[in-house]
Engineer: 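Provided herewith is a single structure, encoded as structure tokens, for subsequent inquiry.
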Amino acid sequence: MDYLKEFKINLAYHFSEVLEYPFAKPYWIYVSLSHKCTYKCQMCGVVKILKGYELQTKLIKKALNEINSWNWDCVVMFTGGEPFLREDIFELINYSVNRRLKTEVVSNGALINKEMASRIINSGLQNIAISLDGAKESTHDLIRERGSFKKALDAITNLVMTKKRMNTGPQISVWTTIMKENVQELFEIIDLVKELGVECLVYHPVIVAQDDMQKTSPNAPFWISDGYIKILKEQIDKILDYQSKYGLVAFLHNPYLWLKYFESTLTKKDWKCNPFVFLNIGPDGEVRSCGSSFGNIREMSLDDCLVSKEAFNARRTMKLCQKPCLQTCWAHPESNSLLDIANRFIESIKDNKDKTKFLKETIKILEEYENLLISYKDA
Amino acid sequence: MPELKEVIISITNRCNYKCRMCDIPFQKSKELTTSQWQKVIRDAYLIGAETIVFSGGEPLLREDIFELISYVKNNSMNCCLTSNGYLIDEECASRLHNSGIDVVNISIEGPPQIHDYLRGRGTFDKAVFALENLRKYKIESTIATMVSRYNYKYLDYIVELAKEYKATTIKFQPFNRIFLSSNCSEGNFFISKREIKRMKDMTKKVTWLCNNYGITTNPRRYLEMMPLYLSRNHFDSSFICNTLWISCPINSQGEIYPCWVLTQKDKLIGNINQDSFLNIWNSQKHRSVVEKIKKDGCPGCMMSCYDENFGRDGLETRIVTNVKRLQKEGAFEYVRRILKRWGRRFKFYNSYRGSPRQAFNRLRGLFKKKKLHKTEIDKEEIDKALKEIALIKKIFEEEIRCLS
Ligand SMILES: C[S@@+](CC[C@H](N)C(=O)[O-])C[C@H]1O[C@@H](n2cnc3c(N)ncnc32)[C@H](O)[C@@H]1O
Ligand SMILES: C[S@@+](CC[C@H](N)C(=O)[O-])C[C@H]1O[C@@H](n2cnc3c(N)ncnc32)[C@H](O)[C@@H]1O
Ligand code: SF4
Ligand code: SF4
Ligand code: SF4
Ligand code: SF4
């Protein structure tokens, strides 16, 4: 039955994108809990842009309820600011997990001591990500704050140890932002992370301005410009080599695209985001994918945000995006072409006994869409 | 009894400058040793202090200063240092960084000519250089400014400077006699009555600018009071000093007085050479000295380390201040003044956010339900999609036919 579900989801994202109408619900839902943070990282705009905003517990729960009612395969990602600065964070995680939503948290690790670690491990999260921006203490500390490297490592160790002791728990992963300051250490991070016992490592390239993700420029801070591109290439070679042998690193797109990204030659042909795949809820309650806001959950429901006029306009702007941002999980390449979706489906059920039944089932689904579309056309 | 928050240590009287407003460098004193200071820091931690401030003299002239800073940090307290900036070159900044210091406070008196006049030739560049180096090593910097006749016109310059060098705080402090020994003349630091208005405008501007740039500065009331104080008019000290318990000064010889101002012999609480800080702080003598000040009242001061007296203060202080005012002015005048102030505030709001009607409309907008929008899907796109679906259906049907 899983093949069918996947087929359905892919279809929904595909039609959403070509017809610009939300047949599908978002897969990644980032809930930015608070502007507050223990650090003031150099590249991070959250603390600066969203100063003073924090979502009320009530509002978050309301949004989670709504997400739950969609009955859609999605991931709730708590981010911030620093999520663990919120006193009610475990209450929220609990609330989300109890509704069987896949829940993840990104943190800088500053507050994860032993006690906190065991609470996290037992919370039912699916994934906990710690940000690590360098393999050397000096690099990480320069980007973030003095002492932050040690704290991040401590956090990871605490989590790994507790997980070992408990024998269950969330996947423990590390996120690394690729930028000029750490480009020479990207590969070294693997060693470090492996030694610590981390299960997954994700790289994503830096965004220059978080209020406007399309704003890129070679002289911006953190940007990997001419001289460093070569280094980045060497690093990618090594990382890919390692990944093909031992795994650990997770890619959602071809890492050589990073080169194009930093050379500012990346186009929609290479990589494009699907606006329907991800949704951000800011600490100010504004709902958006990228660019302008769809609406505010203080004023309207999440569903209404998704179909508001603003949402349509914002998505149209995203469709015209000239400088794709390559943020890891915001694309959905599986749903780009209908033909691909169909072929992949046929491929996946090749050896199945009930092949005919499956195929008949899919035709039914397609017919449903057909009727739906015709009804839209007549209306 | 409020708890101890910060200990201000004047670690040495030696200094590499000879500023016109300060003769600390000429007051010779016998300094404490490293281990004695470490004991003090440890005791401060035990009492519950959160912050240790090193001042002087020029604290960076102490060879053991980095060691002491690290010691403070190892005892998990915040550490802050006040300096004229002369010695903070890149190497020093990196050592400061490594020692773990939280904040470095640089004294800047105004534009280059004025700063150099008060502190010596070339000193302005040194101070700015220090700010630069601190920023390079990501050490939070703050600025301290002594306000006097020489620089009151240029206070906004300091704010702009702070903005440029990303200093987080500016503390203004009017000229005070206490940094001069008694036989020294006061010179020309005070302002004349005619200049009061001009200075008031300037302090207002400073408050406004700081708010705008997100720079912390002294409480508003403190800044408002400064012009009167600097013109040597008597100033309104209608508060009980509520920083006495919170902040504790220790001078370079290890003497502890209740505050930097009240340093008469009879107010001496103790000396580090004779007893430990812990014992002195908890002693009967300490209690009685402070109680006595509370009873007799104190002349009041405008030292910036005690500026919390002027704002951000506890409810108690505010009530006392208002009751005293009421007694002095009489009810009619008191109410009239308050109404006038509210009137001004309203006017300001009006000019800033538009008329009340506009404000009301904005508020109403918040409660209005937004109309939802259902777009029509592009007909052509639908046709295309239908064609695609038909194609896929055909593929699947073909597949089924192959199977059977
Ligand atoms: C905004 S943080 C919030 C969670 C938490 N405070 C932390 O630092 O992990 C989420 C992630 O975004 C990354 N990030 C911050 N600024 C970025 C930028 N300008 N471009 C790309 N990623 C960035 C951080 O490294 C972190 O992994
Ligand atoms: C005495 S200094 C000690 C630290 C260091 N040597 C320096 O100059 O910053 C501390 C602060 O007191 C200020 N100051 C000096 N003489 C003063 C006076 N007569 N009245 C008020 N403040 C004064 C200085 O501007 C400086 O910001
Ligand atoms: S810790 Fe995370 S949220 Fe905080 S400033 Fe750094 S990147 Fe931004
Ligand atoms: S690729 Fe998509 S998410 Fe990224 S900047 Fe462009 S529109 Fe925004
Ligand atoms: S103000 Fe500071 S730098 Fe100037 S003489 Fe006094 S202690 Fe030295
Ligand atoms: S107001 Fe000034 S002089 Fe009076 S006790 Fe407080 S610090 Fe000392």
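Residue numbering restarts at 1 for every chain, and letters A, B, ... go by the order of the sequence lines.
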Engineer: Please identify, among A:I346, A:V18, A:T356, the residue contributing the most non-hydrogen atom pairs under 4.5 Å to chain B.
Structural biologist: A:I346

Engineer: Give me the atom names and distance for the closest heavy-atom approach of B:I389 to A:L338.
Structural biologist: N-CD2, 4.2 Å

Engineer: Do you know which two heavy atoms are closest between B:K393 and A:L366, and how far apart they sit?
Structural biologist: CG-CD1, 4.0 Å

Engineer: Does B:Y45, at its OH atom, have more than 12 non-hydrogen atoms belonging to other residues, nucleotides or ligands within less than 6.0 Å?
Structural biologist: no

Engineer: Taking atom NZ of A:K150 as the centre, report whether more than 12 heavy atoms of other residues, nucleotides or ligands fall under 6.0 Å from it.
Structural biologist: no

Engineer: So which part of A:I341 gets closer than 4.5 Å to some heavy atom of chain B, the side chain, the backbone, both or neither?
Structural biologist: neither

Engineer: Enumerate by number any residue of residues 90-102 of chain B whose heavy atoms lie under 4.5 Å from heavy atoms of chain A; in the absence of such residues, state 'none'.
Structural biologist: B:H97, B:G100, B:I101

Engineer: Can you name the nearest heavy-atom pair linking B:L386 to A:E370, along with the distance?
Structural biologist: CD2-CG, 3.5 Å

Engineer: For the side chain of B:K138 and the backbone of A:E145, is there at least one donor-acceptor N/O pair under 3.5 Å apart?
Structural biologist: no

Engineer: Where does B:I382 contact chain A at under 4.5 Å (heavy atoms): side chain, backbone, both or neither?
Structural biologist: both

Engineer: If you check every heavy atom in residues 159-167 of chain B against those of chain A, which residues fall under 4.5 Å?
Structural biologist: none

Engineer: Count the heavy atoms of every other residue, nucleotide or ligand shown that sit under 6.0 Å from NZ of A:K62, and state whether that count exceeds 12.
Structural biologist: yes

Engineer: Does CZ in A:F7 sit with more than 12 non-hydrogen atoms of other residues, nucleotides or ligands closer than 6.0 Å?
Structural biologist: yes

Engineer: Give, for atom CG of A:L373 and atom NZ of B:K384, the distance between the pair rounded to the nearest 0.5 Å.
Structural biologist: 13.5 Å

Engineer: Relative to chain B, which of A:F15, A:Y369, A:F345 shows the most heavy atom pairs under 4.5 Å?
Structural biologist: A:F15

Engineer: Who are the salt bridge (charged side-chain N to carboxylate O under 4.0 Å, His left out) partners of B:E6, not counting sequence neighbours?
Structural biologist: none

Engineer: Take A:R146 and B:I139, measure what side chain to side chain contact (heavy atoms under 4.5 Å, CB included) needs, and give me the verdict at the end.
Structural biologist: CA-CA 10 Å; A:R146 222 173 315 133; B:I139 302 170; 4.1 Å; yes

Engineer: Suppose we screen for side-chain hydrogen bond (donor to acceptor under 3.5 Å, both in side chains). Which residues come up paired with A:T362, at least two apart in sequence or across chains?
Structural biologist: none

Engineer: Does CZ in A:R316 sit with more than 12 non-hydrogen atoms of other residues, nucleotides or ligands closer than 6.0 Å?
Structural biologist: no

